[in-house]
Amino acid sequence: MPPSTIIHISGAHSPMEDFGVSLAALIVAEACNVGLVPIEKPNVPALTRARLLQVDQGYLRGETIAAANARLIAAQAELDIVACWGCGHIASADGLRFVVPVCRTCTPATALSISAASAARPG
């Protein structure tokens, strides 16, 4: 059974066998921006083009992805090591770290210093 956040557009849960395999393949394909061709396997029922399209069109929507992402973030917050990473002010992409002023406890002075630091960085 899929996570409770991954529900068909009709509101039903999936009775498909190996639904998780199809879902995981689609999420990886989306994250890697490779399309369906690399993950299609005609001899694997969960990875046929028809199944992948069915799952993609029926289950992967903005609201289901956002809800699943919220569950992942909440679960990550329960890990002890996360406290060492700060309170959500840092993001990273391609090996670069960025300070992100998203914390509700940021004061105007903090926001100003973040803006000044960003403006001082070249390019």
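Counting from 1, the numbers follow the sequence of the chain as shown.
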Participant: Same hydrophobic cluster for L47 and V34, using side-chain heavy-atom links shorter than 4.5 Å among ILVMFWY?
Facilitator: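 No, because L47 and V34 fall into different hydrophobic clusters, even though each may have its own neighbours under 4.5 Å.
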Participant: Hey, what do you get for CZ (R61) to CD1 (I6), rounding to the nearest 0.5 Å?
Facilitator: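 Reported value, rounded in 0.5 Å steps: 8.5 Å.
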Participant: Do you know which two heavy atoms are closest between M16 and Y59, and how far apart they sit?
Facilitator: CE-CE1, 4.0 Å
Participant: List the steps and the verdict of side chain to side chain contact (heavy atoms under 4.5 Å, CB included) for I9 and T64.
Facilitator: CA-CA 9 Å; I9 196 163; T64 58; over 6 Å; no
Participant: Take L26 and L36 through the side chain to side chain contact (heavy atoms under 4.5 Å, CB included) test and state the conclusion after the steps.
Facilitator: CA-CA 8 Å; L26 285 167; L36 295 180; 3.5 Å; yes
Participant: With rounding to the nearest 0.5 angstrom, report the CD to CZ distance, Q76 to R71.
Facilitator: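 One finds 15.0 Å between CD of Q76 and CZ of R71.
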Participant: Any chain of hydrophobic side-chain contacts (each under 4.5 Å) joining I65 to I27?
Facilitator: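 Linked, I65 and I27 end up in one cluster.
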Participant: How far apart are the closest heavy atoms of G35 and A29, and which atoms are they?
Facilitator: O-CB, 3.4 Å
Participant: How far apart are the closest heavy atoms of S22 and R51, and which atoms are they?
Facilitator: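 Heavy-atom minimum between the residues: OG-NH1, 2.8 Å.
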Participant: Minimum heavy-atom separation for P42 and T48, please, with both atom names.
Facilitator: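 Heavy atoms of P42 and T48 come nearest at O-CG2, 3.7 Å.
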Participant: By side-chain contact (heavy atoms from CB on, under 4.5 Å), which residues pair with V28, not counting sequence neighbours?
Facilitator: C32
Participant: Under the salt bridge (charged side-chain N to carboxylate O under 4.0 Å, His left out) test, which residues partner E78, sequence neighbours left out?
Facilitator: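 With neighbours one apart ignored, the set is empty.
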Participant: Check L52 against A46 and note the closest heavy-atom contact, atom names and distance.
Facilitator: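 For L52 and A46, the tightest heavy-atom pair comes out as CD2-O, 3.9 Å.
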Participant: Indicate the atoms forming the closest heavy-atom contact of I39 with A25, along with that distance.
Facilitator: CD1-O, 3.4 Å
